[in-house]
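Only one structure is covered here, and it is reproduced in the block below.
Numbers for residues simply follow the sequence, beginning at 1. Just so you know, these numbers use all the heavy atoms, side chains as well, and skip hydrogens, waters and symmetry mates. Remember, predicted model here, so these are calculated numbers, not experimental data.
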Amino acid sequence: MLILVTGGAGFIGSHIVTALMGAGHEVRVLDALLPAAHRKAPPIPDGVDWRHADVRDGAATADALRGADAVCHQAAMVGLGKDLADAPDYVGCNDLGTAVLLAEMARAGLRRLVLASSMVIYGEGRYECPRHGAVRPGPRRVADLDTGDFEPPCPHCGTPLAAGLVGEEHPADPRNVYAATKLAQEHLAAAWARATGGRVTALRYHNVYGPGMPRDTPYAGVASLFRSALARGEAPRVFEDGGQRRDFVHVRDVASANLAALAGVDGLPAGGLRAYNVGSGDPHTVGEMAAALAGAHGGPAPVVTGEYRLGDVRHITASSERLRDELGWRPQVAFAEGVTEFAAAPLRAV
């Protein structure tokens with residue numbers, strides 16, 4: 001098949017392109033090379049049909065869709081950003097861009113879509129109170145965070161909560177602008193599917209890391225921030241107390257999840273969207289990631305700062321059983337192996 005990969009020059013997108021080509025697909029890439037992610041044009045693999053254009057450009061997107069059999073939509077601004085002033089850029093890139101793509105897919109009669117979504121749509125992860133069962137913590141309070149009280153209490157009785165794995169049926173509760181745009185992308189794609197009879201697999205990536213992550217940018221994930229600090233000879237700075245639990249999943253496993261989703265999209269009912277968590281199934285704390293990276297890199301030990309960002313969440317770890325059971329996907333890169341590779345791999349300058 002000929003697959004259009006939007007954002008195919010980016011960190012995750014470039015690995016998806018490699019995986020698609022390795023599986024025998026033809027690949028076309030549409031990427032705007034936005035300055036926040038690309039200081040210079042990255043190398044494009046031989047055999048890729050390269051289009052330097054913004055997905056918000058309807059004419060360019062329509063041209064890129066000609067002859068395509070399916071779309072892997074990766075193009076987006078990522079990360080929490082610097083402050084609320086980033087909101088128009090996030091909404092423009094992520095939601096308007098998705099709307100333009102879907103409109104052009106409808107016109108082209110193209111009905112297969114793999115959508116890059118994110119675990120951020122859940123907000124906080126799954127929590128259990130010994131008295132009240134499964135509960136949803138309220139917004140984090142500045143007064144608590146200022147005193148180092150980072151664990152969310154039960155909203156009913158204030159009892160400490162036990163964190164667990166979040167499944168795809170967990171209610172959405174986006175807690176920052178980026179999260180809101182990712183949820184909106186899913187809703188837009190679902191509306192498109194219902195209107196056109198299209199089929200969508202939405203992959204909710206957890207904390208993706210690996211070779212080719214961008215360096216020295218506030219829009220990167222926490223693993224990249226730690227690795228960037230080590231590349232400068234500095235100690236990674238760990239926010240809060242380092243106890244935040246995450247599911248760090250290697251980028252090659254995310255690429256293979258896209259292959260599985262592409263193969264499985266035709267099995268969905270017409271007009272349907274099916275969401276899948278993409279996680280390693282082996283959660284670690286942010287502090288553990290920083291320490292493992294520093295140890296493998298041979299750099300300074302992490303510094304736990306107690307700082308926080310109000311838009312962050314405390315714990316979010318994935319249950320990826322649906323993806324494993326329905327599409328046969330299995331992660332292949334263990335945490336220790338992936339971190340050791342990442343510690344020595346070059347970062348992409350932006």
Under 4.0 Å between a side-chain nitrogen and a carboxylate oxygen: does that hold for Glu124 and Arg136? no

Taking only residues at least two apart or on different chains, which pairs with a member in residues 181-193 satisfy salt bridge (Lys or Arg N to Asp or Glu O under 4.0 Å)? Glu186-Arg204

Look at Asp69 together with Arg28 and state whether they make a salt bridge at an N to O cut-off of under 4.0 Å. no

Hey, does Thr18 have a side-chain heavy atom less than 4.5 Å from the side chain of Met21? no

Looking at Asp57 and Ala60, would you say the former's side chain and the latter's main chain have a donor-acceptor pair under 3.5 Å? yes

From OG (Ser320) to CG (Leu327), nearest 0.5 Å: 11.5 Å

With a 4.5 Å heavy-atom cut-off, do Val71 and Ile3 have their side chains touching? no

Side chain to side chain contact (heavy atoms under 4.5 Å, CB included) with Met119: which of Val166, Asp247, Val313, Asn207? Asn207

Taking 4.0 angstrom as the limit, do Arg246 and Glu288 come out as a salt bridge? no

What one should report as the nearest heavy-atom pair of Cys157 and Cys129 is SG-SG, 3.7 Å

Does Glu128 use its side chain to pair, donor to acceptor, with the backbone of Ala134 at less than 3.5 Å? yes

Taking Leu20 as the starting point, is it possible to reach Met1 by hopping between hydrophobic residues whose side chains are less than 4.5 Å apart? yes

Within a strict 4.5 Å, meaning less than it, do heavy atoms of the Met289 and Val222 side chains meet? no

Under 4.5 Å between any side-chain heavy atoms of Leu30 and Val5, yes or no? no

Closest non-hydrogen contact found for Arg56 with Gly92 is CD-O, 3.2 Å

Closest approach of Tyr178 and Met77, non-hydrogen atoms and distance? CE1-O, 3.2 Å

Quick one: side-chain hydrogen bond (donor to acceptor under 3.5 Å, both in side chains) pairs with a partner in residues 152-170, sequence neighbours left out? Glu169-Arg322

Test salt bridge (charged side-chain N to carboxylate O under 4.0 Å, His left out) applied to Glu151 and Arg140, step by step: CA-CA 9 Å; Glu151 293 290 342; Arg140 303 181 86 185; over 6 Å; no

Please answer: with hydrophobic residues joined when any side-chain heavy atoms are less than 4.5 Å apart, are Ile44 and Val27 in the same cluster? yes

Specify the closest pair of heavy atoms between Arg175 and Pro137, including all atoms of both residues, with the distance to one decimal. NH2-O, 2.7 Å

Which is it for Val29 and Asp49 under the side-chain contact (heavy atoms from CB on, under 4.5 Å) test, yes or no, and what are the steps along the way? CA-CA 6 Å; Val29 168; Asp49 181 1; over 6 Å; no

Can you get from Val78 to Phe11 by hopping between Ile, Leu, Val, Met, Phe, Trp and Tyr side chains that sit under 4.5 Å apart? no

For a quick check under 3.5 Å, do His206 and Thr317 share a side-chain donor-acceptor pair by atom type? no

ILVMFWY network linking Val177 to Leu96, side-chain heavy atoms under 4.5 angstrom: no

Spell out, as yes or no, whether a donor-acceptor pair under 3.5 Å connects the side chain of Trp329 to the backbone of Asp253. yes

Is the backbone N or O of Leu203 less than 3.5 Å from a side-chain atom of Ser117, with the two atoms forming a donor-acceptor pair by type? no

Is the side chain of Arg274 donor-acceptor paired with the backbone N or O of Val200 at a distance under 3.5 Å, no angle test? no

Any idea which heavy atoms bring Ala68 and Leu110 closest together, and the distance? O-CD1, 3.3 Å

In Å and rounded to the nearest 0.5 Å, what is the CZ to OG1 distance from Arg107 to Thr196? 13.0 Å

Can Leu145 and Leu310 be said to form a side-chain contact (heavy atoms from CB on, under 4.5 Å), step by step? CA-CA 9 Å; Leu145 300 173; Leu310 195 57; 3.7 Å; yes

In Å, rounded to the nearest 0.5 Å, how long is the span from CG of Leu102 to OG1 of Thr61? 10.5 Å

Roughly how far, to the nearest 0.5 Å, is the CG atom of Leu4 from the CD atom of Glu104? 12.0 Å

Nearest-0.5 Å distance, CE of residue Met213 to CG of residue Leu225: 8.0 Å

Nearest 0.5 Å, what's the CD1-OG1 distance between Ile121 and Thr181? 11.0 Å

Would a distance-only check, ignoring hydrogens and angles, find a side-chain to backbone donor-acceptor pair under 3.5 Å from Ser319 to Leu165? no

Donor-acceptor pair, side chain of Thr98 and main chain of Asp95, under 3.5 angstrom: no

Applied to residues 259-284, the ring pair (Phe, Tyr, Trp, His ring centres under 6.0 Å) test, sequence neighbours excluded, yields His284-Phe335

Can you name the one residue among Glu341, His15, Gln332 that meets side chain to side chain donor-acceptor pair (under 3.5 Å) with Arg252? Glu341

Qualifying residues under ring pair (Phe, Tyr, Trp, His ring centres under 6.0 Å), relative to His297, sequence neighbours excluded: none

Just checking, any donor-acceptor pair under 3.5 angstrom between side chains of Asn277 and Tyr122? yes

Using modelled atom types and a 3.5 Å cut-off, is there a donor and acceptor pairing between side-chain atoms of Arg227 and backbone atoms of Ala345? yes

Sequence neighbours excluded, every pair satisfying ring pair (Phe, Tyr, Trp, His ring centres under 6.0 Å) that has a member inside residues 220-254: Tyr209-His250

More than 12 heavy atoms of other groups within 6.0 Å of Arg330 CZ: yes

Any donor-acceptor pair under 3.5 Å linking the side chain of His315 with the backbone of Arg245? yes

Which heavy atom of Leu113 sits nearest a heavy atom of Ala189, and at what distance? CD2-CB, 4.1 Å

Before giving the answer on side-chain contact (heavy atoms from CB on, under 4.5 Å), spell out for Leu323 and Val278 the whole-Å C-alpha distance, their side-chain angles and the decisive distance to 0.1 Å. CA-CA 7 Å; Leu323 183 57; Val278 183; 3.9 Å; yes

When hydrophobic residues are tied together by side-chain contacts of less than 4.5 Å, even through go-betweens, does Val48 share a cluster with Val251? yes

Carboxylate-amine/guanidinium proximity below 4.0 Å for Glu321 and Arg324: no

May I have the list of side-chain donor-acceptor pairs in residues 257-271 shorter than 3.5 Å, sequence neighbours left out?
from, atom 1, to, atom 2, distance (Å)
Asn258, OD1, Gln74, NE2, 3.2
Asn258, ND2, Tyr205, OH, 3.0
Asn258, ND2, Val254, O, 3.0
Asp266, OD1, Arg112, NE, 2.8
Asp266, OD2, Arg112, NE, 3.2
Asp266, OD2, Arg112, NH2, 3.4

Could you walk me through whether Thr6 and Cys72 pass the side-chain contact (heavy atoms from CB on, under 4.5 Å) check? CA-CA 6 Å; Thr6 69; Cys72 282; over 6 Å; no

Parallel, tilted or perpendicular: ring planes of His52 versus Trp50, cut at 30 and 60 degrees: parallel

With a cut-off of 6.0 Å (strictly less than), are more than 12 heavy atoms of other residues, nucleotides or ligands near CZ of Arg232? yes

